[in-house]
Engineer: 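Please find one structure pasted underneath; my questions will follow.
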Amino acid sequence: MGAVLPPAFYARPTLQVARELVGKVLVHAAPAGTAAGMIVEVEAYSGESDPACHAATGFTRRNAPLYGPPGLAYVYVNYGLHHLVNAVTEPEGAPAAVLIRALEPLAGLPLMRNRRAAAGRALPAAALCRGPGNLTSALGITLEQNRVDLSGERLFIEDRGLPPPRLAWSPRIGVSVGADRPWRCCAAGNPHLSKPVWGCAPSPRRPLAGTP
DNA sequence: CGTTCGATGCACT
DNA sequence: GTGCATCGAACGT
């Protein structure tokens, strides 16, 4: 359908890649079916000097993909239960990546619901891919997808020519260090964000509430 | 409305 | 043995 982003797209400064990934479409064509969503929230992690980047303590077995060629997926498990997916950026040797934090579901909604059903009741569309752990669950992304080529056939990001969203930047979420860097980039006001951006809240939860 | 807290596995020291 | 780039249920106000 769209144009799959080539490795050269990722071989650039991480903040620029992060900005341009918002509005692109992440697709997982799995044996169980295809699921896809527009990227609405990302975070940049760049270099050993970034204290929140997994490369902050130098090269290890886990963070090895960060040092590898751009355009591969870096998937890891955190808190024992959640898979988080990144796109590796910058030229090979420079450890950096963009974390995908939220999607607006576009295709494969029933499949997403099935995959997320294990963790709860029937979810509204807005909750399916809200948060980095939730979206990997909905798309069926696990450690099996670590190091896969994001320009490949099964897991890829494509440009469908969707209108570029208005962007809003804020500090990264959940990090204990490096919170001063405003490296979280969101589609402003999008209802699928993991958390609203400061000063840019989504529509009110009770639009026309009559106060009891 | 807000905050706390338990689940759970992998890689690291 | 420790520490997470989280999630959501269970509380308290």
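Hydrogens, waters and symmetry mates are skipped; everything else that's a heavy atom, side chains included, is used. Quick note on labels: first sequence line is chain A, next is B, and so on, each numbered from 1.
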Engineer: Give the nucleotide from the list C:dG8, C:dA5, B:dC12 with an atom nearest to the side chain of A:N86.
Structural biologist: C:dA5
Engineer: Can you tell me which stems DNA chain C forms when a stem means 3 or more consecutive Watson-Crick or G-U pairs under 3.5 Å?
Structural biologist: B:1-7 with C:6-12, B:9-12 with C:1-4
Engineer: Between A:N63 (side chain) and A:G58 (backbone), is there a donor-acceptor pair under 3.5 Å?
Structural biologist: yes
Engineer: Side-chain atoms of residues 138-146 of chain A: list all donor-acceptor pairs with protein atoms under 3.5 Å, sequence neighbours left out, distances to 0.1 Å.
Structural biologist:
from	atom 1	to	atom 2	distance (Å)
A:T142	OG1	A:E144	N	3.1
A:Q145	OE1	A:T142	N	2.8
A:N146	OD1	A:V75	N	3.0

Engineer: Please state how far atom NE2 in A:H82 lies from atom P in B:dG6, giving the value in whole angstrom units.
Structural biologist: 15 Å
Engineer: In terms of side-chain heavy atoms of A:S176, which of B:dA11, C:dC4, C:dC7 is nearest?
Structural biologist: C:dC4
Engineer: From the options B:dC10, C:dA5, B:dC12, select the nucleotide whose nearest atom is closest to the side chain of A:R61.
Structural biologist: B:dC12
Engineer: Does one side chain, of A:R184 or A:S170, offer a donor that lies under 3.5 Å from an acceptor on the other?
Structural biologist: yes
Engineer: Report the residue (A:Y45 or A:A127) whose heavy-atom-nearest nucleotide on DNA chain C is the more 5′ of the two.
Structural biologist: A:Y45
Engineer: Can you figure out which of B:dT13, C:dT6, C:dA5 approaches the side chain of A:T57 most closely?
Structural biologist: B:dT13
Engineer: Quick one: is B:dC12 close enough that its OP1 or OP2 comes under 4.0 Å of any side-chain N or O from A:T60?
Structural biologist: yes
Engineer: Enter the distance from A:E41:CD to A:L21:CG here, rounded to the nearest 0.5 Å.
Structural biologist: 13.0 Å
Engineer: Over how many whole Å does the gap from A:Y79 atom OH to B:dG6 atom P extend?
Structural biologist: 14 Å
Engineer: Quick one: A:L66 CG to C:dA5 C1', roughly how many Å, whole number?
Structural biologist: 11 Å
Engineer: Just compare C:dC7, C:dC4, B:dC12 and give me whichever is closest to any side-chain atom of A:R62.
Structural biologist: B:dC12
Engineer: Kindly point out which of B:dT8, B:dC10, C:dA5 is positioned nearest to the side chain of A:Y74?
Structural biologist: C:dA5
Engineer: Could you list the donor-acceptor pairs under 3.5 angstrom formed between side-chain atoms of residues 173-182 of chain A and any protein atom two or more places apart in sequence or on another chain?
Structural biologist:
from	atom 1	to	atom 2	distance (Å)
A:R181	NH2	A:S49	O	3.1

Engineer: Is there a side-chain polar atom (N or O) of A:H54 under 4.0 Å from OP1 or OP2 of C:dA5?
Structural biologist: yes
